[in-house]
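Keep in mind that what you see is a predicted model, and the values were worked out from it rather than measured. Numbers restart at 1 for each chain; the letters A, B, ... are given by sequence-line order, proteins then strands.
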Amino acid sequence: MANELTSRETDYAQWYNELILKGGLADYSAVRGCMVIKPYGYTLWENMRDVLDKMFKDTGHVNAYFPLFVPKSFLEKEEGHAEGFAKECAVVTHYRLKTDPNNKGKLMVDPEAKLEEELIVRPTSEAIIWNAYKDWIQSYRDLPLLINQWANVVRWEMRTRLFLRTAEFLWQEGHTAHATAEEAIEEAEKMLHVYGDFVENYMALPVIKGIKTPNERFAGALETYCIEALMQDGKALQAGTSHFLGQNFAKAFDVKYLTKENKQEFVWATSWGVSTRLIGALVMAHSDDQGLVMPPKIAPLQVVIVPIYKGPEQKALVDEKVDGIVAGLKANGISVKYDDAENTRPGWKFAEYELKGVPVRIAIGQKDIENGVVEVARRDTKEKQSIPAADLIEHVKFLMTDIQQNLYNKALAYRDAHVTEVNSWEEFKQVLHEKGGFISAHWDGTAETEDKIKEEAKATIRCIPLDNPLEAGVCVFSGKPSTQRVLFAMAY
RNA sequence: CGGGACGUAGCGCAGCCCGGUAGCGCGCUUGCAUGGGGUGCAAGAGGUCGCUAGUUCGAAUCUAGUCGUCCCGACCA
């Protein structure tokens with residue numbers, strides 16, 4: 001075995017990194033904290049993006065594009081927002097280089113090309129977008145304004161990890177403006193459900209929808225909604241967020257509209273986003289010690305066909321069969337690759353496509369042709385089956401939905417087995433360290449207790465689930481009265 | 001920002017202690033065989049040893065500096 005992977009049990013973090021690198025999703029780049037997203041990984045992102053984009057459009061949103069650079073003064077306007085992002089911003093101070101007179105062949109920043117005002121590479125686009133909205137919104141007739149942007153953003157993180165936290169990442173950010181608070185809240189909740197729908201139905205990953213505690217809120221938001229997913233190592237991962245921003249940005253950027261009654265009012269805002277981080281979630285949720293496992297609905301490649309033959313005569317025979325299969329699959333909207341590369345043998349290909357997580361593999365050789373069958377292997381269970389050639393297309397269509405469902409069921413069973421109710425601090429720490437997963441526990445509702453728990457146990461409140469039942473109890477840490485359980489976990 | 005590791009061929013590494021002009025495996029090229037789970041044999045191509053300065057007849061190796069990347073923690077999507 002040339003390409004042995006580190007197992008999850010041996011070293012989960014290393015297993016994760018190896019899957020990304022060896023699976024061909026991404027590579028480290030020459031720039032600290034920034035990665036190259038390779039074609040296989042980028043195709044995955046495109047597939048995710050296409051589905052989400054359609055969902056956004058189906059809910060009335062349109063795409064636009066705003067500048068990469070944000071004037072520093074814009075970022076300052078919303079105080080909480082500025083504070084939240086200030087320490088991780090890349091800053092442009094000059095606009096020109098020149099050849100260094102003291103160092104032949106080297107370039108230096110031209111000190112005469114200093115910008116009047118520094119430009120910040122967007123860590124998020126609220127500021128630049130709300131500055132534009134000021135001019136776009138005059139009347140209640142201009143509302144709601146429902147805009148999304150697909151973009152890259154930069155956050156100068158201390159420590160980065162492939163897909164989970166890179167200095168530059170790709171994402172979408174929705175920024176909407178509304179006439180009333182109710183409508184804005186409804187929008188923020190609607191988009192949370194769009195995200196939940198996407199992650200569950202396309203990524204095959206169950207999520208818990210909830211709201212963040214004030215401590216964990218987005219900088220500048222009045223309410224942050226989130227979807228939380230559970231990874232195979234028992235740590236939680238925030239897969240998407242949607243924020244009700246109140247009138248904070250409208251006030252900061254003076255965005256008012258005229259009501260029907262001819263009165264000036266500040267507009268109400270939301271923003272919501274998911275990023276390439278979702279790819280990290282996908283990898284950690286479904287993959288195994290043999291490699292990646294891609295859910296069929298968004299897999300970069302759904303079916304791979306490996307020919308098995310001796311000599312050109314057999315190869316020609318196989319080619320002919322494969323032509324028909326490829327056409328049949330494509331006609332059914334299934335992506336397929338016929339890998340007839342000569343420099344690798346079948347066994348190598350089998351292992352390679354398992355590493356890449358291609359949901360279905362088809363092998364065809366002389367024996368199969370004689371028997372009128374093809375060999376079909378599914379990545380999730382690694383089962384191999386001989387299928388009558390005539391039934392192949394239908395069978396593959398069945399596998400696409402069955403694998404998708406199986407991955408979801410597996411992830412759901414794992415998640416459900418890892419939500420634990422605890423009623424004492426001892427129990428809390430024990431479950432957290434021995435079992436992991438979500439811990440449902442009473443909390444007194446204070447930021448102080450939340451901080452102490454974080455300090456002592458490294459667990460944070462992931463969310464207060466939507467429609468959380470009220471239940472009288474005592475805080476697991478402080479012993480003070482509590483009205484409901486919240487979900488704690490160690491998180492990425 | 002603290003702690004740890006590393007930088008030598010496309011990739012993974014050895015050589016460094018004890019200085020003498022660079023090697024192994026994979027991959028790549030060509031040929032023949034092989035082909036139902038990471039092929040075998042043969043012949044080839046490929047490296048200013050991260051960068052800079054110093055010591056020396058001579059530096060991948062010793063000294064000083066410098067740049068960069070990764071991993072583990074605290075902070076964050």
Side-chain angles (χ1 to χ4, degrees), chain A residues 1-6 11-14 16-18 21-22 27-35 83-89 103 106 123-124 153-173 195 212 215-219 224 226-229 236-243 271-281 290-291 306-312 314-315 318 340-355 361-371 373-375 377 382 384 386 454-455 458 460 490-492:
Chain A
M1 291 283 185
N3 243 333
E4 200 68 50
L5 285 170
T6 300
D11 186 338
Y12 194 81
Q14 197 182 334
Y16 173 79
N17 283 329
E18 285 179 9
L21 298 171
K22 294 183 178 176
D27 217 339
Y28 293 113
S29 75
V31 183
R32 189 205 78 100
C34 295
M35 63 179 174
E83 213 172 295
F85 286 104
K87 44 187 201 309
E88 50 187 32
C89 287
N103 209 342
K106 302 286 183 189
T124 179
V153 290
V154 169
R155 296 182 189 174
W156 214 265
E157 299 288 349
M158 297 286 192
R159 180 152 134 59
T160 57
R161 296 194 61 186
L162 293 169
F163 285 113
L164 295 176
R165 184 166 297 106
T166 45
E168 179 193 12
F169 57 94
L170 306 183
W171 77 344
Q172 59 69 218
E173 44 182 329
Y195 287 155
K212 288 292 187 189
N215 257 4
E216 301 274 330
R217 256 177 218 151
F218 176 74
T224 288
C226 63
I227 48 173
E228 294 284 329
L237 187 144
Q238 179 175 306
T241 50
S242 176
H243 316 288
S271 71
W272 27 274
V274 296
S275 71
T276 37
R277 183 178 223 212
L278 284 177
I279 294 178
Q290 277 68 51
V306 176
I308 290 150
Y309 56 91
K310 295 179 191 175
Q314 287 191 9
K315 172 72 170 27
V318 172
D340 64 346
E342 289 280 354
N343 58 339
T344 47
R345 290 167 62 262
W348 191 92
K349 290 172 185 171
F350 293 169
E352 176 68 9
Y353 291 107
E354 258 160 39
L355 175 61
R361 183 188 73 229
I362 298 173
I364 306 180
Q366 183 75 8
K367 279 188 283 178
D368 303 303
I369 294 174
E370 281 165 13
N371 297 326
V373 299
V374 291
E375 184 190 88
K382 302 194 190 68
K384 280 196 271 197
S386 278
K454 188 174 178 179
E455 197 178 313
K458 288 181 179 168
T460 49
M490 302 238 248
Y492 277 98

May I ask you to say what G280(A) touches in the nucleic acid, namely base, sugar-phosphate or nothing, with a heavy-atom cut-off under 4.0 Å?
nothing

Please report the distance separating the C1' of A14(B) from the corresponding atom of G68(B), rounded so that it comes out in whole Å.
23 Å

Parallel, tilted or perpendicular: which fits the ring planes of F218(A) and H243(A), with parallel below 30° and perpendicular above 60°?
parallel

How far, in whole Å, is C62(B) from G19(B) if one measures between their C1' atoms?
8 Å

R165(A) vs R277(A) side-chain heavy atoms within contact, under 4.5 Å:
yes

Less than 4.5 Å apart, side chain to side chain, heavy atoms only: is that true for Y195(A) and T241(A)?
no

Work out how far the C1' atom of C17(B) is from that of U30(B), and round it to whole angstrom.
43 Å

Once you round it to whole Å, what is the distance between P of G40(B) and CG of N343(A)?
15 Å

Once base and sugar-phosphate atoms are separated, protein heavy atoms under 4.0 Å mark nucleotides 72-77 of chain B, 5' to 3', with B, S and - as BBBBBB

Polar pairs (N or O, both sides) under 3.5 Å between protein and nucleotides 34-37 of chain B?
residue	atom	partner	partner atom	Å
G35(B)	O2'	Y309(A)	O	3.4
G35(B)	N2	Y309(A)	OH	3.3
G36(B)	OP1	R345(A)	NH2	2.6
G36(B)	O6	K367(A)	N	3.0
G36(B)	O6	D368(A)	N	3.2
G36(B)	O6	D368(A)	OD2	3.1
G36(B)	N1	D368(A)	OD1	3.4
G36(B)	N1	D368(A)	OD2	2.2
G36(B)	N2	D368(A)	OD2	3.2
G37(B)	N7	K384(A)	NZ	2.8
G37(B)	O6	R361(A)	NH1	3.4
G37(B)	O6	R361(A)	NH2	2.8
G37(B)	N1	E354(A)	OE2	2.7
G37(B)	N2	E354(A)	OE1	2.7
G37(B)	N2	E354(A)	OE2	3.4

Please give, in whole Å, the distance from G27(B) C1' to K22(A) NZ?
14 Å

Pick the C1' atom in U66(B) and in C26(B), then give their distance to the nearest Å.
33 Å

Is the phosphate of C71(B) approached by Y28(A) (side-chain N or O, under 4.0 Å from OP1 or OP2)?
yes

Both distances under 3.5 Å, Watson-Crick or G-U wobble: report the partner of A60(B), or none.
none

Distance check needed: C71(B) P versus Y16(A) OH, whole Å only.
11 Å

What is the base-pairing partner of G23(B), counting Watson-Crick and G-U wobble geometry with both distances under 3.5 Å?
C13(B)

Who does G40(B) pair with, Watson-Crick or G-U, both distances under 3.5 Å?
C32(B)

Does a side-chain N-to-carboxylate-O contact under 4.0 Å join K212(A) and E228(A)?
yes

Apply side chain to side chain donor-acceptor pair (under 3.5 Å) to the pair E375(A) and S386(A), showing each step before the final yes or no.
CA-CA 4 Å; E375(A) 184 190 88; S386(A) 278; 5.8 Å; no

Whom does C6(B) pair with, Watson-Crick or G-U wobble, provided both distances fall under 3.5 Å?
G68(B)

Write down the distance separating the C1' atoms in A33(B) and G47(B), rounded off to the nearest Å.
33 Å

If you take all heavy atoms of T166(A) and R161(A), which pair is closest and at what distance?
CG2-O, 3.8 Å

Could you tell me how far G3(B) sits from U39(B) if I compare only their P atoms? Round to whole Å.
46 Å

Quick one: do K382(A) and E354(A) make a salt bridge, cutoff under 4.0 Å?
no

Using the P atom in both, what is the distance from G23(B) to C49(B), to the nearest Å?
14 Å

Rounded to whole angstrom, note down the P distance from G54(B) over to G15(B).
29 Å

Would F169(A) and W171(A) count as a close aromatic pair, with their ring centres under 6.0 Å?
yes

Evaluate the side-chain proximity of Y16(A) to L164(A): yes if any heavy-atom separation is below 4.5 Å, no if none is.
yes

Just name whichever nucleotide pairs with C1(B), Watson-Crick or G-U, keeping both distances under 3.5 Å, else none.
G73(B)

Side-chain heavy-atom pair L355(A), K22(A) within 4.5 angstrom cut-off:
yes

